[in-house]
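First up is the structure itself, then whatever we jot down about it.
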Protein chains: 2
Amino acid sequence: MGLYSDLREKLISDYAKLSPQMQKAARYILDHPNEVALRSMRALAGAADVPPSTITRLMGAIGVETWQDFRDHYQSRLLDQPASYAQRARETQSVENDANRDEHLLESIARTEIDNISAAFSPELSSRMIEACGAIENARHVFIVGCGAAYPAAYQFAYAYRLFRDNGILVDGHSGAFGDELRGITRRDLLIAVGAKPYIRDTVQAVRFARDQHCPVIAISDSDVSPIALDAMTKLVVRDHSQSFFQSFTAALSVMQALVALLVARGGQKALQRIAVAEEQLAAFDTYLED
Amino acid sequence: MGLYSDLREKLISDYAKLSPQMQKAARYILDHPNEVALRSMRALAGAADVPPSTITRLMGAIGVETWQDFRDHYQSRLLDQPASYAQRARETQSVENDANRDEHLLESIARTEIDNISAAFSPELSSRMIEACGAIENARHVFIVGCGAAYPAAYQFAYAYRLFRDNGILVDGHSGAFGDELRGITRRDLLIAVGAKPYIRDTVQAVRFARDQHCPVIAISDSDVSPIALDAMTKLVVRDHSQSFFQSFTAALSVMQALVALLVARGGQKALQRIAVAEEQLAAFDTYLED
DNA sequence: CAAAAAATGAAACATTTGTTGCGATTGTTT
DNA sequence: AAACAATCGCAACAAATGTTTCATTTTTTG
């Protein structure tokens, strides 16, 4: 019997030959290797949503005698990891070539991104987000605008929001002239605007138009005094520090996702039901690929 | 009950007060912390040369309810990244207060997002990203595809990329039928595909089409064996853990931004000049608002 | 020294774990 | 349509795990 230096590769190469349920199990194992090392087989089966017997069968299918052998393999893999980590750090320090300059840049990016996210979930911002949720829940229509680099964040919110509420409108100019969707906006509506420097004219004009119609604004921006946030009811000022030329919208996206999570959590059972219905509709349109 | 950030200290401070046999056990645990995380209590007792009951008594002596709690602590210590994540999750669950529930949820979200990003910049993923950059630089055309919740990440890359390279094409179906942009794709091109479960049919078909034309694929996905990543040349598997119903695309977005940053850094002066030109064009179109 | 207190290890206990067997279900072929 | 094989999940099983009990030994104390 051939011994594999890493069972992971064996699992990947044999993946296609496995039965659907075993694929499900293999997939979970590939995605969560540490759980193999730390949790019990039954717990792992439960997490992967397969009966325990499937795991046992998977062992046989990939040529592993017993679960213990499999687990041992993943345990030693877990113990070896810190070693290679340290070794890599040493290598990075010793040689000063082009390749590890890239690695340094990536490490620096990672730190910055984490800082940005941490700042976005400070107590102050958190309470503002909760406040924003209240406003969203009471609005008649919820408009979302964000252009250029801010478009992903706006789209993200609009996409998720529409799965459980049907009063969200993404202002992106895809339906005619930009801002056309805003016609008829009133003080009972709400505009969520995303944007950082350099501020894009369309976004700012959308905000101003909404303000003129006495529509409250929730601004996700890079400054309290940015043209987007200046007159906003709720200001969510997120950091967009970045190692590169472009600003980072990671924190903005994260805040958008957090808003959705909050809304769903507060919406309770009803929100979950709506999501289920939306998913069924998507399935009916054959949007998803069945596993 | 006082919670210690590290039970190790508790073990050391109480060491003198323990009975001889318990000291023997405590000594072994302090010397072999990983064994606590990986082996069974009986096995540990055997290794420490004490009866199992001594371990149970030691638990009570240092104020730990059960062996499971003790083991959990050492397990999360072993995976130093999500250190107190499990504990935090448990706390969030235990407190059923409506007023604080939102804040706890946000804290939990923040923690998870940071974990996701940390994992995305692991040594393994970092080297894959550098590898991906090489492929991007040598490709004739760079196609980017991502649907549904993955669209923001795809858009983000395409938007930034087009500021310094003019061979990027976002496959989003805005120009006629979906996938129409892919016509004429060859082995000299490159497809960057973003997507997580549930996999959207359009994305998967785009990947398959590219593969059929022998076009290499860079996959940003949630699993090594996802239909998007399975046959990909370079697999960037990012975590999408989330406290809410939806998966998080924060890490995917962050990876996209990092790729752009890498490309610009490697592109040197030439890339910066192109960016300057692009900005001037946007200014000419009166896109930005002058301060 | 004797009585009380503490500590110890073996065994018993209920629980959990990994594995196996079997009937039911599914999908394919004749 | 019937027959076959593959796959699946439930339930039973034996082995192990964590905990408790209790009699014995050791230590402390008056």
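In the text below, chain A, chain B and the rest are named by the order of the sequence lines, each starting its count at 1.
- A salt bridge links B/D224 to A/R8: one of the charged nitrogens lies within less than 4.0 Å of a carboxylate oxygen.
- No side-chain donor from either of B/T186 and B/Q213 sits under 3.5 Å from a side-chain acceptor of the other.
- Two rings, from A/Y155 and B/Y151, have their centers less than 6.0 Å apart.
- Among residues two or more places apart in sequence or in another chain, the side-chain contact (heavy atoms from CB on, under 4.5 Å) test is passed with B/L125 by B/S122, B/L236.
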Fill in: Nucleic acid footprint by protein, nucleotides 15-28 of chain D - heavy-atom cut-off 4.0 Å, B for base, S for sugar-phosphate alone
--BBBBBB------

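- With sequence neighbours left out, B/F143 forms a ring pair (Phe, Tyr, Trp, His ring centres under 6.0 Å) with no residue at all.
- Residues satisfying the ring pair (Phe, Tyr, Trp, His ring centres under 6.0 Å) test with B/Y28, not counting sequence neighbours, are B/H32.
- Taking a heavy-atom distance under 4.0 Å as the criterion, the stretch of DNA chain C touched by chain B extends 5' to 3' from C/dA7 to C/dA10.
- The aromatic rings of A/F70 and A/Y74 lie tilted to each other, with the angle between the two planes from 30° to 60°.
- A salt bridge is defined here as a Lys NZ or Arg NE, NH1 or NH2 lying under 4.0 Å from an Asp or Glu carboxylate O, and B/D222 with A/R27 meets this definition.
- Using modelled atom types, one finds no donor on one side chain facing an acceptor on the other under 3.5 Å when comparing A/Q21 with A/T54.
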Worksheet item: side-chain contact (heavy atoms from CB on, under 4.5 Å) between B/E65 and B/M59: does it pass, once the steps are laid out?
Response: CA-CA 7 Å; B/E65 272 298 316; B/M59 296 299 97; over 6 Å; no

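- DNA chain D lies under 4.0 Å from no heavy atom of any residue of residues 18-25 of chain B.
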